[in-house]
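To start, the structure under review is shown below, and the notes come after it.
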Number of protein chains: 2
Amino acid sequence: MAQSVTDTQTRSEATAARIIAAARTLFVSGNYADVTTDMIAKAADVTKGGLYHHFASKEQLYVSMMLSDLEAKRLIFEQATAMEGSCRERLALLTRGFLELPDEDRELTRLVRRDINTFSGDERDQLVRAYQSALPEQVAAIVTDGINNGELAPGDARILSWSFIALVEVVIARYADHVFGSTEGRLDHVLDLFFEGAAAKPTGGTE
Amino acid sequence: MAQSVTDTQTRSEATAARIIAAARTLFVSGNYADVTTDMIAKAADVTKGGLYHHFASKEQLYVSMMLSDLEAKRLIFEQATAMEGSCRERLALLTRGFLELPDEDRELTRLVRRDINTFSGDERDQLVRAYQSALPEQVAAIVTDGINNGELAPGDARILSWSFIALVEVVIARYADHVFGSTEGRLDHVLDLFFEGAAAKPTGGTE
DNA sequence: CATAGCACCGACCGGTCAGTCGGTCGGTTG
DNA sequence: CAACCGACCGACTGACCGGTCGGTGCTATG
């Protein structure tokens, strides 16, 4: 019956999704090498044999996990890229979307950079390409528009976008250490830093 | 003879130094877990037994490597912190010192953040403490002075210094990818970004 | 020449972990 | 009911790796 086929498919997919979810949580909190396939299997409530029924290797599981995550995030990013408005408004929308993600989701963005050295040629390229196109290119598109319409000073769009991303990550991480600061507070802080810099402004003329 | 004792000491120290140098190169290019003690020993032209004659464990070797490196860098950093001058000038001096280091030396600064999760309580604390006091605290001291003398806008000195460090790392890494740009060019780029931001300035009035 | 000490050697051990494989079980099809 | 299929099981293996230990040779001193 078609119903049963669907059920079986659903079950298989559900198991694969459970494994990916378990892998996510473990990889976020531990090093790639320190997270064993046994741990992942146990956390996903399958055996190692079951895990290897769905994924060809530990590396491929990791890559699958990353790809599915990046695919999910692409929606947020494309929304901001497509939006009409100033460069600052669009970056704000993009960053707000990012900030409102759960901690684990945001951490994944850093995982790639942390674990990228672990992988050999093939998987490495896959990861880099997927990661590059997921976030940095969206930011670069917005920044390029900003340069073209005179909102940003002329310069290399890629360097600027990486600077922006780095600022977001750093400021967010530091805000996470302390407790103070709402999402909007952090957001304005990052945007101000990026657009206006850290120097004191002679706003009042109090020289 | 006193000469011979010195020779022996020198020989032992030279071997230890050779091991640390080999470990540095390998750890920079590979993950902590993927660099084996056999590889390090081979690269240092000793056997594993010889390696363990000088270092109690792989982790301790890693920590020793980091400590000796940070100690060497401290000179550069303290020079800038002690210097008289504006916040910008002092940050420039500090950053120039950093930029003029060989690639491998600069990479080490990132290693700590990459590998810190690998270590357990004791070694971890050692590393964090040494690393914190080597660079970030020097930057924070300069930034705090800048806030106090009105050169920088009021704010959290720690967040600002981390932002600065992140900018330096990102801009440097991106400049390394492309070829263009002298040391001075990068330096001004980072400083301008940090102090003035990325927004276009109405300098000429060409609206 | 004898004795002692230290740098270093390299075979070996215990443990860990990715990946395998023969098998079970519940559902589906003819 | 029989033949089959795919999801899943779990004990096992082979490789690798951190760390050990008994030994070797070189140098220095008496």
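Lettering follows sequence order; numbering is per chain, from 1. As a basis for the values below, the full set of heavy atoms in this structure was taken, side chains included, without hydrogen atoms, waters or symmetry mates.
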Check your understanding: Within the structure shown, what part of the strands sits under 4.0 Å from A:Thr47 by heavy-atom distance: base, sugar-phosphate, or nothing?
Key ->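 The answer is base, as A:Thr47 lies within the cut-off (heavy atoms under 4.0 Å) of a base atom.
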
Practice item. Describe, in one word, how the ring planes of A:Tyr62 and A:Phe119 are oriented to each other, choosing from parallel (under 30°), tilted (30 to 60°) and perpendicular (over 60°). Key: tilted

Review point. Where does the angle between the aromatic ring planes of B:Tyr32 and B:Phe27 fall among parallel (under 30°), tilted (30 to 60°) and perpendicular (over 60°)?
Key: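 Ring orientation of B:Tyr32 relative to B:Phe27: parallel.
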
For the pair made of [atom1] in [X] and [atom2] in [N], what is the distance, rounded to whole Å?
X: A:Ile40; N: C:dC17; atom1: CD1; atom2: P; answer: 12 Å
X: B:Phe55; N: D:dC17; atom1: CZ; atom2: P; answer: 20 Å
X: A:Asp38; N: D:dA11; atom1: CG; atom2: P; answer: 11 Å
X: A:Met39; N: C:dT16; atom1: CE; atom2: C1'; answer: 13 Å
X: A:Glu13; N: D:dG6; atom1: CD; atom2: C1'; answer: 14 Å
X: A:Tyr62; N: C:dG19; atom1: OH; atom2: C1'; answer: 20 Å
X: A:Arg18; N: D:dA7; atom1: CZ; atom2: C1'; answer: 11 Å
X: B:Asp34; N: D:dG18; atom1: CG; atom2: P; answer: 10 Å

Exercise for review: Could you tell me the separation between the CZ atom of A:Arg96 and the CG atom of A:Leu91, rounded to the nearest 0.5 Å?
Suggested key: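 One gets 11.5 Å once the value is rounded to the nearest 0.5 Å.
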
Practice item. Nearest 0.5 Å please: distance from the CG atom of A:Asp34 over to the OG atom of A:Ser29. Key: 10.0 Å

Between [options], spot the one nearest the side chain of [X], thanks.
X: B:His53; options: D:dC17, C:dA18, C:dC8; result: C:dC8
X: A:Thr37; options: C:dA18, C:dC8, D:dC9; result: C:dA18
X: B:Thr15; options: D:dA7, C:dC17, C:dC8; result: C:dC8
X: A:Ser57; options: C:dA7, C:dG19, C:dA18; result: C:dG19

Check your understanding: Between the base of C:dG19 and the side chain of A:Lys48, is there any donor-acceptor pair under 3.5 Å?
Key -> yes

Review point. So which one's nearest nucleotide on DNA chain C is more toward 5', B:Asp45 or A:Tyr52?
Key: B:Asp45

Practice item. Could you say whether A:Lys58 or B:Leu51 is positioned toward the 5' end of DNA chain C, judged by the nucleotide with the nearest heavy atom to each? Key: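 Result: B:Leu51.
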
Review point. Any salt bridge between B:Arg88 and B:Glu151, counting N to O under 4.0 Å?
Key: no

